[in-house]
Amino acid sequence: MSQQERIYLSPPHMSGDEIKMIEEAFATNWIAPLGPHVEAFERETAAFTGVKAALALASGTAALHLSAELLGIERGDVVICSSLTFAATVAPLYHKGVECVFVDSEPESWNLSPKALKSALADCDRSGKMPKAVIIVNLYGQSCDMEPILALCDSAGVPVIEDAAESLGSLYKGKRTGGFGKFSVLSYNGNKIITTSGGGMLLSDDEEAVTRARFLSTQARDPSPWYQHTTLGWNYRLSNILAGVGRAQMLHLTERVESRRRVFDRYAAELSGIKRVSFMPEPEWSRSNRWLTVLTFAEPFSPMPVLEHLASLNIESRPVWKPMHLQPVFEHSRYFTHEDGRDVSAELFLRGLCLPSGSSLTESQQERVISAVKESLGNQAKKA
Ligand SMILES: Cc1ncc(COP(=O)(O)O)c(C=O)c1O
């Protein structure tokens, strides 16, 4: 039997406008990590997310690293972070020798549990070392429950870094994500809701800090006629060509969000009637961009046979992120659960699966995914 066309998890979705922006960069010879597209992309993204300043960077990870630099986080410091995330959220801290304290998810949003955060902050207080930051993550496009989280961090005097890499275009109580942290971070990696092939953005209302980040991201050269450094930096800027791609992608962001939400709705309509299958919930305060449609399978079903069946049919799916507190690299880290005797993020990892969710997914491709999921569940039920 010949293999059917591959269905990817979240492929790039070009509009056609990108090429005009690239041509403009070539025509004006702005083939550099600065230029008019970079400046416009920063302005447009700051306006969209409602912050005062934005800095276009080579990746979301670079933006996370610079956030840590701006907050003066150093070796031996403590940072609290949501456990259920992609490793890039904490990789820059790990490399700095920072102690990461992990916090569970709440079942309502799958994001950082305010209850568990409270326990983590209390533990840091008892141990005499308060965290230098709390990193919150808007998982699979969905905002965290910002109000209780920000209130806790405010009263503890701890700044928030918002990892909004996956949530561009999502809302919390009507306000766009990307503007909730002292520093917030976006990613334009190839699998994100919009992409520059690779890239990121640092967002903040603190214009002075963003100016400092700009300096650090361009090798930290002092304003001097020769190459002089009172400190050293990084080469983290986004190219003018890629910023052009980003600007064109931004023009279509709203459509992309609506397409992904339609993809979610179709999956939910077809699969949520199946007993023991549930979808990532959306609390009333959230409007997610539904970057990925994620579902969970309760006993007797499990996600791995579904993933393997989809793979055999040339359909890409992925397990839910493996929480950081379960990673060998963070074996001995502190971890605070949402409630005693229950580890929500571990449950989501063991029971969850991400389905193909791209905004260019056709209805017939989605039909293929749906019938393959149904087939696998049928097979599992027979074996149970
Ligand atoms: C939650 C999260 N944080 C950070 C990143 C890192 O972004 P980038 O790949 O642009 O470095 C990603 C995605 O790749 C992500 O999903």
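Both counts, for ligands and for their atoms, begin at 1 and track the order of listing.
Stacking of Arg290 on the aromatic ring of Phe264 is recorded, both the 6.0 Å distance cut-off and the 45° axial limit being met.
The 4.0 Å heavy-atom shell around ligand 1 contains residues Ser59, Gly60, Thr61, Leu64, Thr85, Phe86, Ala88, Thr89, Val137, Asp163, Ala165, Glu166, Ser187, Asn189, Lys192, Gly199, ordered by chain and number.
Pairs of residues two or more places apart, or lying in two chains, never qualify as ring pair (Phe, Tyr, Trp, His ring centres under 6.0 Å) while including a residue from residues 200-231.
Residues Arg334 and Glu99 are paired through a salt bridge, judged by an N-O separation under 4.0 Å between the basic side chain and the carboxylate.
In this structure, the ring of Phe102 has its center no less than 6.0 angstrom from the ring center of His325.
Taking the six-membered ring for Trp and thresholds of 30 and 60 degrees, Tyr140 and Trp110 have ring planes more than 60 degrees apart, a perpendicular arrangement. Ring pair Trp234/His65 is perpendicular by interplanar angle, where above 60° counts as perpendicular and below 30° as parallel.
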